[in-house]
Student: 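I have a structure here, written as structure tokens, and I will follow up with some questions on it.
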Amino acid sequence: MLNRFRLEFPSRPDNVGLARVTVAAFAAQIDPTLEELDDIKGAVSEAVANAIVHGYDNSPDGVVTVEGVLYGDAIEVFVEDSGKGMEDVGQAMEPEFSTDPERLGLGFSFMQTFMDSVSVDSVPGRGTRVVMRKQFARRH
Amino acid sequence: MLNRFRLEFPSRPDNVGLARVTVAAFAAQIDPTLEELDDIKGAVSEAVANAIVHGYDNSPDGVVTVEGVLYGDAIEVFVEDSGKGMEDVGQAMEPEFSTDPERLGLGFSFMQTFMDSVSVDSVPGRGTRVVMRKQFARRH
Amino acid sequence: MLEIDSVGDVLVAHLHGEIDLKVSDALREALDRALERLPVRHLVFDFGDVSFIDSTGLGVVLGRYKKVAGAGGRLGVTGLRPPVRRVLELSGILRISQEFSSWTEAVAVLGGGGADA
Amino acid sequence: MLEIDSVGDVLVAHLHGEIDLKVSDALREALDRALERLPVRHLVFDFGDVSFIDSTGLGVVLGRYKKVAGAGGRLGVTGLRPPVRRVLELSGILRISQEFSSWTEAVAVLGGGGADA
Ligand SMILES: Nc1ncnc2c1ncn2[C@@H]1O[C@H](COP(=O)(O)OP(=O)(O)O)[C@@H](O)[C@H]1O
Ligand SMILES: Nc1ncnc2c1ncn2[C@@H]1O[C@H](COP(=O)(O)OP(=O)(O)O)[C@@H](O)[C@H]1O
């Protein structure tokens, strides 16, 4: 383990960008490519938006926690809420599945495309934790 | 209170920049001037560097916590370490006082210039908490 | 976040900055208001000044397109930087839209009705 | 972080990026090595590409200046963006140094020895 951080903030829409900037500045410490950085920002954006929109039903009173761990050639990102959780994670992760007609149901698909692995722990009524990992191309 | 965040990271030199970027992205939510943003970044940099260099004597195994609270027209920033603390905060805050001959002793002076108020709580052997507040010029 | 041009029966939405949950509600409302008020048929999104867009933002884009598609309207996109192009592809929006090298070209082609014939 | 030019008896340190605790040790060592190896008398810091510097970074600047000052060397600075100028003023470094509009001007003046006379 090279470095880590933990960031907590209320479930307000403004903070999706805050999470993105912090994770990007953190990931930049191991000199990723621009595309790798874009991928990480995209994945964090999806997971944090989900915590706010679904986990807390757009209420600004929840707390979202984002953690990052940097290894020599990989990053792990954790996004956690103590919101309403999901009954069926498998179904939730299917492309184009959404419980909200205004949304695309592509959040988890994007996370899976952007990162090398995505796993989700969720307990109805207790909350959700998304764990994502990305390996960086070796250039050193 | 409009918004807040809490960021924790190990006492590694790389993370001075991480703290700066996060606080700046957070403060940007209330649309400060460039100069106000520079001031906040400068103050955070001094306080976090002190936590690492003095609080933890440059050991990377401590934890530094940075918190921000945004009001309609002001920001409060807290920087905390659980390091060695100070015997005499009054003396430490004097311009050009430093316990390290390689340093300028201007960290606290800079914080006081950049922010509207700076207060320091420190307990020898327990750690240090710096509380800084800055009022933004009203432009709305 | 948004500037709107309306040229003939084409509405051009120039988006700015990072398009995520922070701006999605305001963006949706502004676009819906414009679509109601203006006698437009086709919709063009100019992403030239967009550095980031996530699935929340794409939902707003796609939702507005669905509104105009019902009345035979078409979707144009332009100014796609790499991260924006990537998610437009992933979401399938690139398949149901026509890409142009500038928004004025989009207006000329879609508004001219040429490709419609 | 650093590129070094040495012209006659002037060492020019071109700094890059954000100069804080992260880079201060490496910067100090690189400058000390250059000062030992090169037959220079005066020191010029080119901040043209520096967006941020804190008191840790200024400590490195001032410490290196003290080394050359003992032997009659002088300190030049150039390329000060507003946030850099601000802390150079606050730290007093601006008072003990000479500001130039470019590093080549600094080299011409300090290296020429003109102002020494
Ligand atoms: N943090 C969360 N808490 C509760 N439910 C969630 C969370 N994240 C995702 N979901 C559920 O999973 C579904 C699919 O998520 P996603 O693929 O991101 O699509 P979208 O956000 O567009 O609905 C959501 O519609 C929601 O029902
Ligand atoms: N977080 C801290 N923990 C312990 N001691 C501290 C801390 N911050 C500052 N100090 C003490 O106060 C002194 C003055 O701090 P400062 O004005 O920032 O100058 P400098 O960092 O250049 O020494 C330091 O030299 C140190 O002895």
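The structure displayed is predicted, hence computed values, not measured ones. Convention: sequence-line order gives letters A, B, ...; per-chain numbering from 1.
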Student: Taking all non-hydrogen atoms of both residues into account, name the closest pair between C/Ser55 and A/Arg103 and its distance.
Tutor: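 Scanning both residues, the minimum pair turns out to be OG-NH2, 4.3 Å.
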Student: Can you tell me which portion of C/Leu62 sits under 4.5 Å from chain A's heavy atoms? Options are side chain, backbone, both or neither.
Tutor: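 For C/Leu62, the side chain is the part near chain A, not the backbone.
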Student: Is the shortest heavy-atom distance from the side chain of A/Phe110 to the side chain of C/Arg86 under 4.5 Å?
Tutor: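 Contact flag for A/Phe110/C/Arg86 side chains = no.
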Student: Does any backbone or side-chain atom of C/Val23 lie under 4.5 Å from a heavy atom of chain A? Answer side chain, backbone, both or neither.
Tutor: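 Neither part.
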Student: Is it the side chain or the backbone of C/Asp20 that comes within 4.5 Å of chain A heavy atoms, both, or neither?
Tutor: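 Side chain of C/Asp20 only, per the 4.5 Å heavy-atom cut-off to chain A.
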Student: Flag yes if more than 12 heavy atoms outside A/Glu96 fall under 6.0 Å of its CD atom; otherwise flag no.
Tutor: no
Student: With side chains defined as the heavy atoms from C-beta onward, is the minimum distance between A/Leu106 and C/Leu90 less than 4.5 Å?
Tutor: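 No. Closest side-chain heavy atoms not under 4.5 Å.
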Student: Nearest 0.5 angstrom please: A/Ile52 CD1 to C/Lys22 NZ, how far?
Tutor: 12.0 Å
Student: Do C/Glu18 and A/Arg20 have side chains that approach each other closer than 4.5 Å (heavy atoms only, starting at C-beta)?
Tutor: yes
Student: Nearest 0.5 Å please: distance from the OG atom of A/Ser45 over to the CD1 atom of C/Ile19.
Tutor: 11.0 Å
Student: Would you call C/Leu21 and A/Val53 a side-chain contact if the rule is heavy atoms closer than 4.5 Å?
Tutor: yes
Student: I'd like to know if C/Arg64 and A/Glu102 make a salt bridge, using a cut-off of under 4.0 Å between side-chain N and carboxylate O.
Tutor: yes
